Amino acid sequence: MDKTYQPEQIESRWYERWEADNRFAPSGEGEPFSIMIPPPNVTGSLHMGHAFQDTIMDTLTRWRRMQGRNSLWQVGTDHAGIATQMLVERKVAAEEGKSRHDLGREAFIDKVWEWKHESGGHITRQLRRMGASVDWSRERFTMDDGFYQAVQEVFVRLYEEDLVYRGKRLVNWDPTLHTAISDLEVENRDQQGQFWHFRYPLADGVTTEAGEDHLVVATTRPETLLGDSAVAVNPEDPRYASLVGKFVELPLVGRRIPVVADEHADMDKGSGCVKITPAHDFNDYEVGKRCGLPLINVFSKDASVLERAEAFDLQGRPLADVDPSLPAAYAGLGRFEARARIVADMEAAGLLAQVETVSNTLPYGDRSGDVIEPLLTDQWFVAVEELAKPAIAAVENGDIEFVPRNYENMYFAWMRDLQDWCISRQLWWGHRIPAWYDAEGNVYVARTAEEARAKHGLADDLALTQDEDVLDTWFSSGLWTFGTLGWPEPTEALKTFHPSSVLVTGFDIIFFWVARMIMLTLKFTGEVPFKQVYVHGLVRDGQGHKMSKSKGNVLDPIDLIDGIDLDSLVEKRTGNMMQPQKAKAIAKATRGEFPEGIEPHGTDALRYTFLSQATTGRDIKFDMGRLDGYRNFCNKLWNASRYVLMNAEGQDCGASLDGQSGEVELSLADRWIVSRLQQTEAQVTRALEDYRFDHASQALYDFVWNEYCDWYLELSKPVLWDDAASEAAKRGTRRTLVRVLEAVLRLAHPMMPYITEEIWQRVAPLAGVAGESVMTQPWPVADEGRIDETATHDIEWLKGVIVAVRNIRAEMNIAPGKPLEVLLTKGSEADRERLAANRLFLSRLAKLERIYWLEAPDQAPLSATQLVGDMEVLVPMAGLIDKDAELARLAKEIDKQDKLIGGIEKKLGNESFVAKAPEAVVQKERDKLSDFAATRRVLVEQRDKIASL
RNA sequence: AGGACCAUAGCUCAGUUGGUUAGAGCGCCACGUUGACAUCGUGGAGGUCGGCGGUUCAAAUCCGCCUGGUCCUACCA
């Protein structure tokens, strides 16, 4: 083995090997375990969130696989309608100078497929770098043929049950992308805005109670005035009661619109009158419904003003009795330009009463960044009410369990207040809606045009045109858990792996995806999609800020693995920016944070970092320090393995594959480390069962570094290297070294797959273990029978003596390597026996010249003293020790004991404590008190002795 | 406005059903390299557990209020 751990040399090699050997496919045996990967966007590249999530899923999958479960990690990518279409549009524009409309629908779709074939493999290659043990042979895409079938099937069946319907409704319209988007894709941002108060003249000479000939309404959107169809007042409002049923004359337009009574009008706000524009505001739409008002649309798909308004009734039928004329001056103006002109014209007409500056929130499209316009359009919807009921019940009755639990509340809150889901998108890339229209506009929904004709008895020569729209991406990804397994066919895979065991996902897509999967899956399979949902937080930068290109704080997981030099990192963060003016500051911050660039750390270290930070229900601040630390941990494991191999290879380890071995004798240290291994195995397993990856990684780290390396390897040296040790003992220690390491590698494998495989290949044969890969070895199961309390206590004693000596050395400024004479005294018979049994270990680890039992404590030479239990560890001071330093040290120690004693005496002095606390607790305090008191006595004795010199 | 979550060492975080001398890693200080490892070893310093109040024999842990932070939902004519 190389002297230093170099991950880049082992990682790609092992992944290719595993994949070639088909190690990721389900074994076909054992209880099924399955995870469906949240399909990443096919256009995307792997970000920290993916890397984190993939690490968790891979750890779970590898662990369950080793436990003998028939494990499937289903992989695939999402076609991601808007994102992909935008990306290819930009590419075509840049390369050919054409828009998608120049190309036409078919040619453009071809371009997208072409692009997908060219570049769609980027993210899956990155997934391989993370070590993801997904079954590539089952890779799926949300627009592959199978998904096409599934999507058609679901849509048609929902339609047949009236759970999908089409209608003219007010939707969130993106004027840049020219498509509807769902509520979830709208991002509300706080803004400073203006609030204009307008006078609307009352018609027919009517006046208010106060004698005014007009009403005052206020708006942040003056341009919607053109589409007003009423002014509402509160039914309880005495100021305007007489006006209900009367009319106002809409300024600039001249249309007569009624004054209506509706509780939407708030008497305490402004004048108490509110303009109602049902076609351009969601609240007003509701008022329109309640009051039977016409819907007057005044905007085109670009959100510019129409020449003539379009009026509809609530069913979306054109209304002939509304005068559609609009002032010619505004025709074709964009909404913001129209706003300015309308305000100016109102002011010129003396109808602008007041302008206020207010803070409000505006809806933005999360893809385009444009302000969303509520617009009346024909769209397809899923009626969610019926679907939501069983979906809520499934979580309530525990069929689906959220981890951590509190996300269930978030889920319930959202599910109980669900709006119908607008599923049509005016895009080209996606699943085209399986609906056909004849010349009269009759709609026929079927899986194919042929089926539509057959079903509805249509003539073969009747011209049918398919709906131009595609389905929301989340509609198809909502079928992910069963669609990937072959549904609607009743496949073996579906029977075996559905419902999936656990969904690993971020809280940010609980609404987008998780909730909809639950609804659709229950509807079509009668099963839940997954039994558990493990919800993790967002990966943020070291300061807790969201990583984003515009902030220039993005870390690329691949850069953490391979390393990146500073200039490349700066270039990556500042190149191709939307706001180039920020580049300088970002470059400076980057150079400050990473003066040397980023070193290579390897996949295993990155994975370990994620796991150690994967604590329940909170975002993680990615900590570069930990990444370094876990890279060092890999290095530690690597070097410990080198030591083991150096001492075991070519030697009789008492367990070689050929079964030939001499007699074996286990030392105290051997029994102890085996015992501790059992406990660690139990701890790690328990932690993984509880999704406490932080605890799992911590337990393993502690065992490997603080026990196996720091103590056990050191304790093995005297046995292996000292002639005094027997051959049987040497054999026993070699066997333990090798077997414990082999088990550790299995235990660590799900978390750090590469390094464990690399080392395991060399160690397994020495441990008498046959097999081609650690991946398919059994998961270590703790054997309670090998937990050895005596050995643990003895080792604790041994460590205590060694640490006591080291402590004295450090405090007394005695060179670490200087051989010392040490006396033990005042202890029990057990202590005396322990000394006899462990003389070799003690001498070696504490670097002693001589250690012996002092029978008569009162004859002790002047010494520095430490206590191990009741026993005193003495390092004679002659010529060694600084008297003042020792006195100072003792004073500090005595002070510490005094504080402890004081605390306990106070407790025990409290009568109600003694009376009410459980006897065991009280006894524990008494025991502690006598321990501390004894320690104090020894320290004081020692102090007096030294002071008297 | 409603709700959720968070606040523990300089930093990033653990802390099971209340009883621990409140822990880890990084960072810091001192010392140390002939035989696994300086991506290291040994020893050490560092915390009134955000604040106030309550329950209890006992609170980092349970309850209430407050402060600060993050996020979600809603509203803003």
Side-chain angles (χ1 to χ4, degrees), chain A residues 1 3-5 188 193 195 217-221 224 231-232 264-266 269-277 281 283-284 287 358-361 404 406-407 409-410 413-414 417 507-508 510-511 537-538 540 542-544 546 599 601 605 612-613 615 617-647 690 692 694-695 698 701-702 705-706 709-710 713-714 717 721 803 806-811 813 815-817 896-897 899-900 903-904 907 910-918 920-922 924-925 928 932:
Chain A
M1 284 172 80
K3 188 168 175 185
T4 314
Y5 163 63
N188 292 303
F195 198 36
V217 297
T219 181
T220 56
R221 303 212 48 204
T224 64
V231 168
H264 173 62
D266 186 335
K269 278 188 187 167
S271 64
C273 304
V274 55
K275 69 195 250 340
I276 302 298
T277 321
D281 181 282
N283 285 311
D284 292 2
V287 177
V358 292
S359 61
N360 59 348
T361 51
N406 49 299
Y407 284 103
N409 293 327
M410 186 170 158
W414 191 69
D417 187 29
F507 68 90
D508 47 330
I510 288 181
F511 305 143
L538 237 52
R540 298 169 175 276
Q543 281 71 248
K546 224 175 195 163
E599 294 184 306
H601 294 85
S612 74
Q613 296 214 91
T615 168
R618 70 152 100 181
D619 287 350
I620 67 176
K621 290 182 204 169
F622 188 81
D623 186 353
M624 288 296 295
R626 283 208 180 190
L627 181 62
D628 290 338
Y630 294 123
R631 191 263 323 268
N632 296 353
F633 177 58
C634 291
N635 187 60
K636 189 77 179 174
L637 180 60
W638 183 265
N639 281 300
S641 304
R642 286 180 61 226
Y643 167 82
V644 173
L645 291 172
M646 283 167 66
N647 286 286
D690 293 344
R692 288 307 301 263
D694 56 334
H695 289 171
Q698 180 71 34
Y701 183 101
D702 272 348
W705 200 313
N706 300 331
C709 291
D710 283 354
L713 295 193
E714 294 308 318
K717 288 173 183 175
W721 297 348
V803 168
R806 285 177 182 164
N807 208 306
I808 290 170
R809 278 186 195 272
E811 301 275 357
N813 256 325
K896 188 175 154 192
Q897 298 302 317
K899 281 194 182 132
L900 293 171
I904 294 178
K907 246 185 197 177
N910 180 345
E911 279 171 35
S912 42
F913 170 70
V914 179
K916 293 188 183 174
V921 172
V922 177
K924 199 169 155 194
E925 292 300 317
K928 280 196 294 192
F932 296 149

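Every value quoted in this text rests on a predicted model; they were computed, and no experiment measured them. Below, chain A is the first sequence line, B the second, and so on; all start at residue 1.
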Side chains of A/D628 and A/H601: is there a donor and an acceptor less than 3.5 Å apart? yes
Quantified in whole Å, what is the P atom distance between nucleotide B/G3 and nucleotide B/U20? 35 Å
Between B/C63 and B/G27, how far apart are the P atoms? Round to whole Å, please. 38 Å
Determine the Euclidean distance between corresponding P atoms of B/G41 and B/A36; express it in Å to zero decimal places. 14 Å
Could you run down nucleotides 36-43 of chain B 5' to 3' and tag each one B, S or - for protein heavy-atom contact under 4.0 Å? BB-BSSSS
Across all strands shown, which nucleotide pairs with B/A60 by Watson-Crick or G-U wobble geometry, both distances under 3.5 Å? none
Should the ring pair A/Y5 and A/W638 be called parallel, tilted or perpendicular, given that the plane angle runs from 0 to 90° and is split at 30 and 60? tilted
Please determine if a side-chain N or O atom of A/T615 lies less than 4.0 Å away from the OP1 or OP2 oxygen of B/C13. no
Can you check the distance between B/A9 and B/G15, where both ends of the measurement are the P atom (answer in whole Å)? 15 Å
For nucleotides B/C31 and B/A14, find the distance between their C1' atoms and express it as a whole number of Å. 30 Å
Could you let me know what B/U33 is paired to, Watson-Crick or G-U wobble, both distances under 3.5 Å, or none if it's on its own? none
Axial cation check for A/Y643 ring with A/K717, 6.0 Å and 45° limits: yes
Would you indicate what A/V921 reaches in the nucleic acid, counting non-hydrogen atoms under 4.0 angstrom: base, sugar-phosphate, or nothing? base
Kindly point out which of B/C13, B/U20, B/G15 is positioned nearest to the side chain of A/K621? B/C13
Need one value for A/Q613: base, sugar-phosphate or nothing, where a base atom within 4.0 Å counts as base even if backbone is also close, heavy atoms only. sugar-phosphate
Please classify the nucleic acid contact of A/D266 as base, sugar-phosphate, or nothing, using heavy-atom distances under 4.0 Å. base
Take atom C1' in B/C49 and the same atom in B/C13, then report the distance between them in whole Å. 14 Å
Can you check the distance between B/C62 and B/U16, where both ends of the measurement are the C1' atom (answer in whole Å)? 15 Å
With rounding to the closest Å, how many angstrom separate the P atoms on B/C6 and B/G44? 34 Å
So, A/D690 and A/R692, do they make that salt bridge, N to O below 4.0 Å? no
Just N and O in the side chain of A/K907: are any of them under 4.0 Å from OP1 or OP2 of B/C57? no
